[in-house]
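The residues of the chain are indexed from 1 along the displayed sequence. Computed from a prediction, not measured in an experiment: that's the story for all the values here.
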Amino acid sequence: ATQEQIKSLHAALVKDAKTGGFGLNEEELRDVAGLENARMPLGLPIHGEVWRMRLPGKGLGSQWRYSLRGKERTRVAANFSVRLKTYKEPILVDTDVLPPKAIMP
């Protein structure tokens, strides 16, 4: 990958990390400016701030996922927080009636 491609990928990953994301899949890189026609997988520097990995359980032939390295991601996403919605009362849930043969005597 060229330096310009790495810079645009880094900018896209910083934007993703600031919103709580964990990186971009190889197919999502086509939407990043400067990577529309890039040859995949991207060749990245060994000690750069951007790296690629395969997710566990996906197999050897799976697509690559590009992300920021740990220290860089921690620095960028340090101010990210999730606001949870709290409920004042229990949530009503509709349940199905069990058929008689599903209940053991």
Side-chain angles (χ1 to χ4, degrees):
T2 65
Q3 289 299 321
E4 294 81 23
Q5 289 174 333
I6 294 173
K7 285 180 184 177
S8 63
L9 177 58
H10 183 271
L13 291 171
V14 166
K15 182 179 176 183
D16 179 65
K18 285 183 178 180
T19 60
F22 293 103
L24 300 172
N25 288 331
E26 206 169 46
E27 62 191 19
E28 297 171 318
L29 294 186
R30 300 289 177 207
D31 299 332
V32 176
L35 297 175
E36 300 91 353
N37 300 319
R39 186 171 173 223
M40 299 294 168
L42 293 176
L44 299 172
I46 296 173
H47 300 292
E49 294 175 343
V50 176
W51 70 309
R52 68 179 188 199
M53 68 259 172
R54 294 191 196 275
L55 295 178
K58 296 288 185 176
L60 292 176
S62 65
Q63 64 177 323
W64 290 99
R65 184 164 184 87
Y66 295 83
S67 181
L68 296 173
R69 290 208 181 258
K71 288 183 181 179
E72 177 70 6
R73 188 177 186 291
T74 302
R75 183 187 66 78
V76 169
N79 295 329
F80 176 75
S81 67
V82 177
R83 300 256 180 208
L84 299 176
K85 182 178 179 181
T86 57
Y87 295 98
K88 305 284 186 216
E89 56 190 40
I91 299 171
L92 296 176
V93 179
D94 292 332
T95 58
D96 294 332
V97 178
L98 287 174
K101 61 182 176 182
I103 300 172
M104 292 183 65

Practice task
Supply the atom-to-atom distance Trp64 CH2 to Leu55 CG, rounded to the nearest 0.5 angstrom.
Solution key: 10.5 Å

Below 3.5 Å, can you tabulate the donor-acceptor pairs from side chains in residues 11-22 to any protein atom, sequence neighbours excluded?
unit_1 : atom_1 : unit_2 : atom_2 : d
Asp16  : OD2    : Phe22  : N      : 3.4
Asp16  : OD2    : Gly23  : N      : 2.8
Thr19  : OG1    : Asp16  : O      : 2.9

Fill in the blank from the handout: Here the salt bridge (Lys or Arg N to Asp or Glu O under 4.0 Å) pairs for residues 64-77, sequence neighbours left out, are Glu72-Arg75

What donor-acceptor contacts under 3.5 angstrom involve side-chain atoms of residues 29-38, with partners at least two apart or in another chain?
unit_1 : atom_1 : unit_2 : atom_2 : d
Arg30  : NH1    : Glu36  : O      : 3.1
Arg30  : NH1    : Ala38  : O      : 2.8
Arg30  : NH2    : Ala38  : O      : 3.4
Glu36  : OE1    : Gly34  : N      : 3.1
Glu36  : OE2    : Gly34  : N      : 3.4

Completion exercise
Rounded to the nearest 0.5 angstrom, the CG-OH distance for Leu42 and Tyr66 is 4.0 Å

For residues 85-105, run the donor-acceptor check on the side chains, cut-off 3.5 Å, and write out each pair with its distance to 0.1 Å, sequence neighbours left out.
none

Practice task
Could you list the residues that satisfy side chain to side chain contact (heavy atoms under 4.5 Å, CB included) with Thr2, not counting sequence neighbours?
Solution key: Glu4, Gln5

Practice task
Only pairs at least two apart or in different chains count here, so list each side chain to side chain donor-acceptor pair (under 3.5 Å) that has a residue in residues 39-51.
Solution key: His10-Glu49

Handout entry: side chain to side chain donor-acceptor pair (under 3.5 Å) partners for Arg52, two or more places apart
Key = none

Completion exercise
Smallest heavy-atom separation, Glu26 atom then Met40 atom, equals OE2-CB, 3.7 Å

